[in-house]
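The structure appears below as C-alpha cells.
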Amino acid sequence: MSKSKGSIKLLLDAEQKAADIVKEAKKNRLQKSKHARDDADREIQKYKENAERKYNQYKNEQVGTTSQGTHELEARKQRAISDINKNVEKVKPEVLNFMVNFVLDVNTDIPAEQKVHIERKVLSKAH
Amino acid sequence: MSTATRQPQRFADNTQNDKIQQMIMFILSEAREKASELEVQADQDASIEKLNLIESAKKKIRSDYEKKEKQVEVDKKIAHSNEVKDARLHILKLKDQILRDTLKDATKQVRSLTSDKQKYTEVVKKLILQGLIRLTEDTVNVFCKESDYQLASSAAKEAEKEYSNLTGGLRCKVTVVQGSYLDKDSVGGVVVAANGDRIKVNNTLDQRLQLIFEQKLPELRGLLFPKDAGVL
C-alpha cells in the first residue's frame, strides 16, 4: 500500500515537473516575444534616426538652394531697380518737358463741331 | 519460505518500479518535447513578429518622410513664389512712386514758370480764350488766384479781343471775379464759368496737370519704363 502511495507521489511529482517544464517554455515564449519587440523597436529607432538624418540633410540642401534662389532673385530685383532708375534719370527731362508743354500749350483752335455753332451764332447776331 | 516468497515480491517491485520510471520518463520527455515545440514555435513567432513590426514601421516611416520631404518642396515653392510676388510688388511701388514724383516735379516746373509774368499772362489768356470758345456765351466769369488778379484781368481783355477775331465777330464780356479766388496753394490758371456759374470750364494748371497725368499715363509709363527695364 505504501509502495503504491510512493509510486503515485513519484508520478504526481513527474506530472508537476512536466507542467513546470511546459510552463517555463510558455514563459520563455512570452519573453521571446517581448525580446523580439524590443529588437524590432531598436531597429526601427535606428531606421527612423537614419531617415531623420537624411531628411535633415535634404532640408538643409533645400534651404541652401532656397537661399541661393533668394539671392538670385534679390540680384535680379536690384538690377531691375537700377535699370528703372537709370532710365528714369535719362528720360525724366524729356518727360517733364512733355508734361509741362502739354499743360502750357493751350490749344485755341476752334473745334470743327464748335465752328458751325459759332458761325450760326454770328449770323443770327448780324440779323 | 520467506525468501521464496519475497523473491517474486521483489521481482514484482522491480517491475513496478521500472514501469513507474518509464511513465515518469515518458511524462517528462513528452513535456520536454512539448517545451521544445513551444520553443521552436516561439522562436518562429518572435522572428515573424519582429519582421512584421519592422516592415510596417519602416513602411510608415518611409511614407512619413516622403511626405515631409514633399512638404519641404512645397514650402520652398510657396516661399519662392511669395518672394517673387514681393519683388514684383516692390517694383510696382517703385514705379508708382516715380510716377507720383514725376507729377510733383512737373507741377514744380509749371509753378516756377508762372513767375515769368509775361509768359504766364499769355498762358492765362489762352486758358480764358479756350474757355470762351467752349462756352460761346455772351458773358462769363473768370476765377483765378488772388495773386493773379491783375494779370488775369489784362489777360481777360486780350482774350475778349482774340475771341472776337477768332469767331468773326462774337463778343463776350469777361469778368474776373474779385473776392472769390482759387486756393492760394493752387499752381495757377483759371476757371471759366457761365450761366450763373452753372457751367464751368476748369482750366486751372492743377487740373491740366492732373489731366495729362491721367490721359497720358500710358505714354508716360512707356517713356519712363521701357519694356526691357525693370523685368524680374
Side-chain angles (χ1 to χ4, degrees), chain A residues 3 7 10-11 14-15 17-19 21-22 24-26 28-29 32-33 35-37 39-40 43-44 47-48 51 54-55 58-59 62 66 69-70 73 76-77 80-81 83-84 86-88 91-92 94-96 98-100 102-104 106-108 110-111 114 117-119 121-122 125-126, chain B residues 16 20 23-24 27-28 30-32 34-35 38-39 42-43 45-47 49-50 53-54 57-58 61 65 68-69 72 76 79-80 83-84 87 90-91 94 98 102 105-106 109-110 113 123 126-127 129-130 133 136 166-170 205 208-209 212 220 223-226 229-232:
Chain A
K3 267 235 168 78
S7 302
L10 280 177
L11 282 172
E15 289 282 7
K17 206 173 168 193
I21 287 169
V22 172
E24 182 68 21
K26 279 185 179 161
N28 281 346
R29 179 190 160 87
K32 274 183 179 153
S33 168
H35 195 71
R37 269 178 276 142
D39 272 1
E43 208 165 306
I44 288 162
Y47 188 82
K48 192 171 177 174
K54 274 195 198 151
Y55 165 73
Y58 174 80
K59 204 162 75 172
Q62 292 304 305
T66 300
T70 304
L73 180 67
R76 286 208 301 279
K77 187 175 99 177
I81 289 171
D83 282 356
I84 288 171
K86 248 184 249 164
N87 186 68
V88 167
V91 302
K92 188 102 177 233
E94 188 192 336
V95 171
L96 289 178
F98 170 70
M99 291 179 78
V100 170
F102 183 89
V103 170
L104 298 182
V106 185
N107 180 13
T108 53
I110 299 173
Q114 201 76 330
H117 173 68
I118 287 172
E119 275 165 13
K121 207 163 173 178
V122 171
K125 288 264 157 106
Chain B
Q16 201 175 1
I20 283 162
M23 280 171 83
I24 287 169
I27 287 166
L28 291 180
E30 200 162 64
R32 284 195 197 98
K34 170 104 170 138
L38 278 170
E39 198 175 348
D43 281 341
D45 287 355
S47 77
E49 188 180 13
K50 183 175 155 183
L53 281 172
I54 289 172
K58 276 187 179 178
I61 290 167
Y65 278 91
K68 281 174 95 169
E69 286 194 2
V72 168
K76 186 183 155 183
H80 183 68
E83 280 176 352
V84 170
H90 184 96
I91 289 186
L94 174 71
I98 288 170
T102 304
D105 289 349
Q109 281 203 6
V110 170
L113 285 171
V123 171
K126 283 185 172 173
L127 292 174
L129 183 56
Q130 194 185 56
I133 290 167
T136 62
L166 267 175
T167 56
L170 284 187
L205 297 179
R208 289 175 70 84
L209 277 162
I212 183 186
L220 294 179
L223 279 169
L224 289 167
F225 317 121
V231 178
L232 274 178

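Everything numeric here is computed off the predicted structure, so don't read it as measured data.
- Atom CD1 of residue I21(A) and atom CD1 of residue I27(B) lie 11.0 Å apart, to the nearest 0.5 angstrom.
- Residue contact with chain B, scored on non-hydrogen atoms closer than 4.5 Å, involves the side chain of H117(A) exclusively.
- Under a cut-off of 6.0 angstrom, the local environment of NZ in K26(A) is sparse, with at most 12 non-hydrogen atoms contributed by other residues, nucleotides or ligands.
- Here the straight-line distance linking atom NZ of K92(A) with atom CG of L223(B) works out to 13.0 Å at 0.5 Å rounding.
- Of the atoms belonging to Q62(A), heavy atoms from both backbone and side chain fall under 4.5 Å from chain B.
- Between chain A and the options K58(B), E49(B), E39(B), the largest number of non-hydrogen pairs under 4.5 Å is found for K58(B).
- For K126(B), there are no salt bridge (Lys or Arg N to Asp or Glu O under 4.0 Å) partners, not counting sequence neighbours.
- No donor-acceptor pair closer than 3.5 Å links the side chain of K68(B) to the backbone N or O of Y55(A).
- When all heavy atoms are compared, the tightest approach of A14(A) to L28(B) is O-CD2, 3.7 Å.
- The two residues K50(B) and A36(A) make their nearest non-hydrogen contact at CG-O, 3.8 Å.
- The contact between Y58(A) and chain B is made entirely by side chain atoms (from C-beta outward), counting heavy-atom distances below 4.5 Å.
- Between chain B and the residues R76(A), K77(A), R29(A), the largest count of heavy-atom pairs under 4.5 Å involves K77(A).
- For a residue to count as touching a neighbouring chain, one of its non-hydrogen atoms must lie under 4.5 Å from one of that chain's; by this rule L53(B) touches chain A with backbone and side chain alike.
- Heavy atoms closer than 4.5 Å to chain A are found in both the backbone and the side chain of E83(B).
- Among residues two or more places apart in sequence or in another chain, the salt bridge (Lys or Arg N to Asp or Glu O under 4.0 Å) test is passed with K48(A) by none.
- Atom CD1 of I110(A) sits about 5.0 Å away from atom CG of L166(B), to the nearest 0.5 Å.
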I would like to know whether I24(B) and K17(A) meet side-chain contact (heavy atoms from CB on, under 4.5 Å); could you show each step before the answer? CA-CA 10 Å; I24(B) 287 169; K17(A) 206 173 168 193; over 6 Å; no

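- Among the candidates L129(B), L205(B), L209(B), T102(B), the residue making the largest number of heavy-atom pairs closer than 4.5 Å to chain A is T102(B).
- Both the backbone and the side chain of D105(B) come within less than 4.5 Å of a heavy atom of chain A.
- Interface remark: L94(B) contributes side-chain atoms only to the contact with chain A (heavy atom separation under 4.5 Å).
- If you take CE on M23(B) and CG on L11(A), they are separated by 5.0 Å, rounding to the nearest 0.5 Å.
- Most heavy-atom pairs under 4.5 Å with chain A, from the set V110(B), I61(B), L38(B): that is I61(B).
- Only the side chain of Q114(A) comes within contact range of chain B, with at least one heavy atom under 4.5 Å from a heavy atom of that chain.
- The candidate from V123(B), I133(B), I98(B), V84(B) with the greatest count of non-hydrogen atom pairs under 4.5 Å with chain A is I133(B).
- To the nearest 0.5 angstrom, M99(A) atom CE is 10.0 Å from Q109(B) atom CD.
- In this structure, chain B has no heavy atom under 4.5 Å from any part of E119(A).
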Kindly determine whether I84(A) and F225(B) satisfy side-chain contact (heavy atoms from CB on, under 4.5 Å), including the steps that lead there. CA-CA 6 Å; I84(A) 288 171; F225(B) 317 121; 3.9 Å; yes

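- Atom CG of residue L104(A) and atom CG of residue L113(B) lie 6.0 Å apart, to the nearest 0.5 angstrom.
- Annotation for A106(B) and V100(A): closest pair O-CG2, 4.0 Å, computed over non-hydrogen atoms.
- In this structure, the portion of K34(B) lying under 4.5 Å from any heavy atom of chain A is its side chain and not its backbone.
- The two residues K32(A) and A46(B) make their nearest non-hydrogen contact at O-CB, 3.8 Å.
- For the pair Q130(B) and T108(A), the tightest heavy-atom approach, listed with the atom from each and the gap, is N-CG2, 4.3 Å.
- The two atoms that bring T167(B) and V122(A) nearest to each other are O-CG2, 3.3 Å, heavy atoms only.
- Contacts of I54(B) with chain A are made by both backbone and side-chain atoms, with heavy-atom separations under 4.5 Å.
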